[in-house]
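The figures that follow rest on heavy atoms only: side chains count, while hydrogens, waters and symmetry mates do not.
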Amino acid sequence: MRNLILAIAFALTLVTGSVDAQEKKTPKADVGPGRIAWFDITTTNMAQSREFYGKLFDWKFTALQGTDLAVEIVSSGTPIGTLRRAEGKISPFNGVVYVQVTDIQASCNKAKDLGGTVVPGFPFDLSDGGGAIGLVADPAGHPIGMYSKTPLAPKAPSPAK
């Protein structure tokens, strides 16, 4: 289970970094702390998933410049998530919901205090400067993402020896 979560986190880090670098530099919606801010759906068949979700929810899809691995999901003119191509078989852990938080580092620390695990490599700032994301596993092992409109605080320089 732990290896699966680590593999997913690594894949998300790679995909998120390359896709975020290509995204438009528009500010993300401010939905308020504790509310769903963004989500990812993973698929092995992009065309089939676009048709399914488009007809089911009337979602539209916008190509992300520079990649064919993901498209942005748009609902009523508002970007709400991404549909991403999976590399391999879909598991119950593909697809992540991101809940907005005020302070990403404090929220990751709180998750640890409550028995969760911060996935290695998280949290990190989004490449477009639009905030930061964290990924944690709850005590039962289920991943949940967190998003803050505020980037991580700069780290203090290490004292010289």
Side-chain angles (χ1 to χ4, degrees), residues 1-44 46 49-50 53 57 59 61-62 64 67 69-76 78-155:
M1 177 71 76
R2 178 176 165 88
N3 288 339
L4 176 61
I5 291 173
L6 293 175
I8 291 168
F10 180 72
L12 282 172
T13 302
L14 292 177
V15 172
T16 302
S18 65
V19 172
D20 283 342
Q22 302 300 327
E23 286 184 17
K24 295 174 260 169
K25 300 219 184 242
T26 56
K28 307 280 189 285
D30 186 356
V31 297
R35 299 188 70 192
I36 305 300
W38 194 260
F39 64 93
D40 293 324
I41 298 174
T42 307
T43 181
T44 57
M46 185 70 78
S49 292
R50 286 175 69 154
Y53 289 113
F57 299 123
W59 287 348
F61 302 91
T62 304
L64 293 172
T67 184
L69 298 176
V71 291
E72 189 170 64
I73 302 167
V74 180
S75 178
S76 300
T78 301
I80 60 171
T82 51
L83 179 63
R84 299 177 184 273
R85 185 176 310 150
E87 294 191 24
K89 185 178 158 188
I90 298 290
S91 80
F93 295 99
N94 286 122
V96 176
V97 173
Y98 292 85
V99 177
Q100 186 169 330
V101 297
T102 303
D103 181 326
I104 197 75
Q105 191 62 62
S107 295
C108 286
N109 292 341
K110 185 174 183 178
K112 284 194 300 190
D113 292 345
L114 294 170
T117 304
V118 177
V119 176
F122 288 89
F124 62 85
D125 287 332
L126 296 172
S127 60
D128 67 359
I133 63 171
L135 185 63
V136 300
D138 71 16
H142 186 79
I144 186 82
M146 296 183 288
Y147 160 74
S148 172
K149 291 185 64 71
T150 306
L152 290 164
K155 291 186 178 181

Where [X] and [Y] come nearest, the two heavy atoms and their spacing:
| X | Y | result |
| --- | --- | --- |
| F39 | I41 | CE1-CD1, 3.6 Å |
| F61 | V71 | CD2-CG2, 3.8 Å |
| G88 | T44 | O-CG2, 3.3 Å |
| P151 | A132 | CA-CB, 4.2 Å |

Spell out, as yes or no, whether a donor-acceptor pair under 3.5 Å connects the side chain of [X] to the backbone of [Y].
| X | Y | value |
| --- | --- | --- |
| T82 | R84 | no |
| D40 | V96 | no |
| Q100 | A37 | no |
| T43 | R85 | no |

Within this structure, what is the [atom1]-[atom2] distance for the pair [X] and [Y], rounded to the nearest 0.5 Å?
| X | Y | atom1 | atom2 | value |
| --- | --- | --- | --- | --- |
| I80 | T78 | CD1 | OG1 | 8.5 Å |
| L152 | D125 | CG | CG | 4.5 Å |
| I133 | F124 | CD1 | CZ | 3.5 Å |
| K89 | T42 | NZ | OG1 | 14.5 Å |
| I36 | Y147 | CD1 | OH | 14.0 Å |
| S49 | L83 | OG | CG | 5.5 Å |

- Considering only heavy atoms from C-beta outward, does the side chain of V74 approach that of W59 to under 4.5 Å?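 V74 does not reach W59 side chain to side chain.
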
- Do M146 and C108 have side chains that get closer than 4.5 Å, going by heavy atoms?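 They are in contact (side-chain heavy atoms under 4.5 Å apart), so the answer is yes.
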
- Query: Going through the checks in order, is the side-chain contact (heavy atoms from CB on, under 4.5 Å) test met by T150 and I104?
  - Reply: CA-CA 8 Å; T150 306; I104 197 75; over 6 Å; no

